[in-house]
Amino acid sequence: MSIDNTMNKSLSVVVLISGNGSNLQALIDAAKEESYPARICAVISNRSDAYGLQRARDAGIIQKVLSHRDYAERESYDQALMSLIDSFNPGLVALAGFMRILSEAFVTHYSGRLINIHPSLLPEYKGLNTHQRVLDSGEEIHGASVHFVTLELDGGPLILQSPVPVLADDTAETLAARVLKQEHIIYPQAVKWFAEERLKLVDGVAMLANKGED
Ligand code: GRF
């Protein structure tokens, strides 16, 4: 429509998924707002049965499947994935439940423009099954984190976190559902900051310029 609106959508984002894609949906919904400064240019899944592919289809977004099963080695898969991602020329790559360990070449290639959402208050509870582990440990507070991706698994510089109280009658499922609600708020927020060029990775630190907003 207006020139301003075109400029508002100047950041192209490729989202990588493996499953349900509720975080993808949160990004899709955020990007529907005219004032939101980013657009999703493609969704890529390593699994053909990922429900997130349907979400992308419903939103009219290009979706691609690149199965890791077709590649003997992590490095060759990641090279193919890089080629596919780069064909969309994104300014940001957002991992949203992408269940793959990434090679050094991949992480290095996208350094400073690769982010992830993780269901815990990092650096606590890296890895899988975070909700059950939090319950087993008797924690009172759990949450979600958005971070830049570095070579250390779930260890990159933190961008944004949201705490979630653990309730006495929580199961892993009820806790996961409440954490996901927070994920759906903080992931679009982090992408927005990145698109506004307020958020940057500088010398291994996530820097957020304060413009007196948000
Ligand atoms: C989320 O909990 C996210 O933090 C983690 O994987 C899950 C993906 O959920 N990385 P969804 O596919 O976005 O619904």
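As the structure lists them, so they are numbered: ligands from 1, and atoms in each ligand from 1.
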Checklist entry - Side-chain contact, heavy-atom cut-off 4.5 Å: Val202 with Val205? => result no
Next on the checklist: Any nitrogen or oxygen of Ile117, side chain or backbone, less than 3.5 Å from one on ligand 1?
Outcome noted: yes
Checklist entry - Backbone or side chain, does any N or O of Gly21 fall under 3.5 Å from an N or O of ligand 1? => result yes
Checklist outcome for this item: the protein heavy atom lying closest to atom 1 (C) of ligand 1 turns out to be Glu183 OE1, 3.1 Å
Checklist entry - What are the atoms of ligand 1, with element, lying closer than 4.0 Å to any heavy atom of Ser22? => result 11 (P), 12 (O), 13 (O), 14 (O)
Next on the checklist: Show me which atoms of ligand 1 lie under 4.0 Å from any heavy atom of Pro119.
Outcome noted: 2 (O), 4 (O), 5 (C)
Next on the checklist: Is any side-chain heavy atom of Ile115 closer than 4.5 Å to one of Tyr187?
Outcome noted: yes
Item to check | ligand 1 N/O within reach of Asn23 N/O, cut-off under 3.5 Å | outcome: yes
Checklist outcome for this item: A student checking ligand 1 against Gly97 at a 4.0 Å heavy-atom cut-off should list atoms 6 (O), 8 (C), 10 (N)
Item to check | Pairing of Glu139 and Arg133 as salt bridge, 4.0 angstrom limit | outcome: no
Item to check | Pairing of Lys32 and Asp29 as salt bridge, 4.0 angstrom limit | outcome: yes
Checklist entry - Under 4.0 Å from any heavy atom of His118, which atoms of ligand 1 are there? => result 4 (O)
Checklist entry - Can you find a pair of side-chain heavy atoms, one from Phe194 and one from Phe148, that are under 4.5 Å apart? => result yes
Item to check | Beyond-backbone contact of Tyr77 with Arg100, side-chain heavy atoms, under 4.5 angstrom | outcome: yes
